[in-house]
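Just so you know, these numbers use all the heavy atoms, side chains as well, and skip hydrogens, waters and symmetry mates. Keep in mind that what you see is a predicted model, and the values were worked out from it rather than measured. Quick note on labels: first sequence line is chain A, next is B, and so on, each numbered from 1.
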Number of protein chains: 2
Amino acid sequence: MVARYERIAEELRKEILSGAHPVGSPLPSETELAERYGAARGTVRQAVAVLAAEGLVGSRQGARRIVLGKVRSQSFAELHSFAQWARANGNRYGGQVVEQRRRRASGAESARLGCDDVLEVLRVRTLEGEPVLLERTVYAGWVAPAVEGLPADCGSVTEALYESVGLVFAYGEHLIDAVAAGAVDARLLGVRRGSPLLRQRRTTTTHEGRPVETSDDRYRAGSVAFSIRNSIGANPLARQVGDLRFER
Amino acid sequence: MVARYERIAEELRKEILSGAHPVGSPLPSETELAERYGAARGTVRQAVAVLAAEGLVGSRQGARRIVLGKVRSQSFAELHSFAQWARANGNRYGGQVVEQRRRRASGAESARLGCDDVLEVLRVRTLEGEPVLLERTVYAGWVAPAVEGLPADCGSVTEALYESVGLVFAYGEHLIDAVAAGAVDARLLGVRRGSPLLRQRRTTTTHEGRPVETSDDRYRAGSVAFSIRNSIGANPLARQVGDLRFER
DNA sequence: AGGGCTCGCTTGTTTGTACAAGTTCCCCTA
DNA sequence: TAGGGGAACTTGTACAAACAAGCGAGCCCT
């Protein structure tokens with residue numbers, strides 16, 4: 001059962017994407033929409049709040065809402081999972097484990113994951129046959145058995161873990177910066193040493209706030225970019241000075 | 001006049017930051033908070049929704065909200081404005097115009113900004129005396145006079161434009177990736193040619209959805225990182241394949 | 001023609017109520 | 001002791017109503 005406000009949001013989204021409300025044009029007023037859908041104004045407000053959070057429409061007190069764009073930002077799942085993102089974009093993708101071993105957690109890892117034994121996995125991900133991403137993931141000890149049970153060329157780790165042990169990644173913290181490719185990075189990604197890589201370091205937790213993994217992902221320059229839409233009053237992203245929290 | 005739910009959110013934020021609600025612990029229930037603050041449950045819900053959007057707390061139907069972290073993601077203003085961000089962090093900052101000229105818009109620029117005459121400005125930004133950011137900004141023709149009226153070492157362009165002509169940047173679209181430093185980049189940022197830079201390309205519009213500027217900002221590696229907290233159901237960020245929309 | 005003002009419209013905030021849906025934990029039973 | 005069944009609690013959804021605050025268009029006056 002989908003909530004009413006979500007169905008209304010879905011309809012409005014379709015109308016915007018189809019061009020019924022061109023970019024720059026005003027949306028109907030809340031009262032008007034409420035009448036049209038036979039819902040209360042509050043419900044309509046929730047619907048348009050969803051669109052605003054997606055960056056599709058903007059709003060200002062006193063004036064009608066404006067259509068800002070047609071690009072919809074992807075879901076958490078697509079940000080977290082390389083496979084789900086690639087599939088949603090219609091790309092061919094693959095993955096291969098290069099190295100995998102258990103070891104004791106470093107001080108920082110133990111603090112981030114809340115456990116002393118971890119599983120470190122080095123994976124190369126391909127897009128359209130090309131290696132584009134190098135994942136250095138450290139899993140908390142309690143998920144290690146499940147991860148070790150996966151095939152080395154597992155396409156989607158996120159989905160496999162959900163299906164095998166019902167694990168759901170719910171919250172993530174991401175730090176994005178640029179680094180030069182080291183010798184290993186260069187060999188596995190097929191670029192020259194020192195060439196620029198886009199680095200995404202993340203820590204993911206379950207619904208209950210239990211940390212699952214922390215990862216250092218490096219994208220080949222030019223292969224992938226992160227996209228954000230934001231507005232006054234909505235603040236998904238932040239800059240940070242240097243490397244304060246992710247040292248090893 | 002600040003809204004009630006914002007003041008409640010502010011108090012809760014302080015409590016979280018001060019450690020009264022440690023990371024991983026549950027927040028008081030909505031009813032309890034409503035009683036404590038003498039507000040309706042709906043108002044409290046708005047307050048915690050703010051915190052959830054900031055990534056400070058997570059929530060699931062049926063269970064108490066959990067404190068996820070203490071890092072607060074900054075506001076839109078701080079993401080948009082280098083100066084406001086640096087000041088909020090307590091850093092010394094500066095800026096210097098290197099080059100500035102009017103010219104005709106390229107095809108892509110004209111499409112993005114909706115005008116044919118533009119002003120291109122090249123600025124170097126410093127943090128603690130070090131050059132860390134190179135801004136190549138293209139302003140729409142209608143703001144060009146205001147921008148030209150600014151001093152060359154203007155610290156905060158965003159604030160200066162607000163004070164001089166009441167211009168407010170309201171919406172932004174950002175693309176983040178990594179590139180190698182070109183000859184000019186290298187000289188102005190004091191790094192070697194080919195060293196990795198974090199690039200943020202953005203287009204910003206006013207409240208009314210009118211495009212103001214589009215910019216190519218390059219950060220020296222190691223100086224700045226972007227930070228994102230997200231969760232299932234909240235989706236500020238997206239990956240994109242290669243360079244689809246920002247060609248020149 | 002231009003500038004200022006008012007009025008209607010639209011979004012923002014707050015309260016109250018009711019029910020639905022999911023979680024947690026305790027107790028009881030096999 | 002392990003598991004099932006509830007009951008109490010908590011968050012999610014929906015509706016209704018009222019007022020505040022801001023915007024824009026049209027009107028009037030100079």
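A heavy atom lying under 4.0 Å from DNA chain C marks the following residues of residues 43-51 of chain A, by number: A/R45. Against DNA chain D, the stretch residues 28-35 of chain B makes heavy-atom approaches under 4.0 Å through B/S29, B/E30.
The CG atom of A/L27 sits 12 Å away from the P atom of C/dT10 (whole-angstrom rounding). Atom pair A/Q61:CD and D/dG22:C1' shows a separation of 5 Å (rounding to whole Å applied). The nearest whole Å value for the distance from the CD atom in B/E6 to the C1' atom in C/dT14 is 13 Å. When rounded to the nearest whole Å, the span between OH of B/Y37 and P of C/dT14 equals 14 Å. For the pair A/R7 CZ and D/dA14 P, the interatomic distance rounds to 8 Å; values are reported in whole Å. Atom P of nucleotide C/dT15 and atom OH of B/Y5 are separated by 13 Å, given to the nearest angstrom.
Residue B/R4 has no polar side-chain atom (N or O) positioned under 4.0 Å from OP1 or OP2 of C/dT13. Between B/R65 and D/dG12 there is a side-chain N or O to OP1 or OP2 distance below 4.0 Å.
Ring planes of A/Y93 and A/F82: perpendicular class, angle over 60° (limits at 30 and 60°).
Using modelled atom types, one finds a donor on one side chain and an acceptor on the other under 3.5 Å when comparing A/T214 with A/R112. If you check the side chains of B/T204 and B/E213, you find a donor sitting under 3.5 Å from an acceptor.
Distance alone, capped at 3.5 Å, places no donor-acceptor pair between the A/E6 side chain and the A/A3 backbone. A/R125 places a side-chain N or O within donor-acceptor distance of the main-chain N or O of A/G155, the cut-off being under 3.5 Å. Judged by distance alone, the side chain of A/T206 and the main-chain N or O of A/F169 form no donor-acceptor pair under 3.5 Å.
Summary of the strand contacts: A/R60 and A/G38 both lie near DNA chain D, and taking for each the nucleotide with the nearest heavy atom, the more 5' one is attributed to A/G38.
Annotation: side chain of B/D117 is in contact with side chain of B/R104 (closest heavy-atom distance under 4.5 Å).
Between B/E10 and B/R13, at least one side-chain nitrogen of the basic residue sits less than 4.0 Å from a carboxylate oxygen of the acidic one, meeting the salt-bridge criterion. A salt bridge links A/R103 with A/E109: the closest approach of a Lys/Arg side-chain nitrogen to an acidic carboxylate oxygen falls below 4.0 angstrom.
For C/dG12, its base sits under 3.5 Å from the side chain of A/R41 at one donor and acceptor pair at least.
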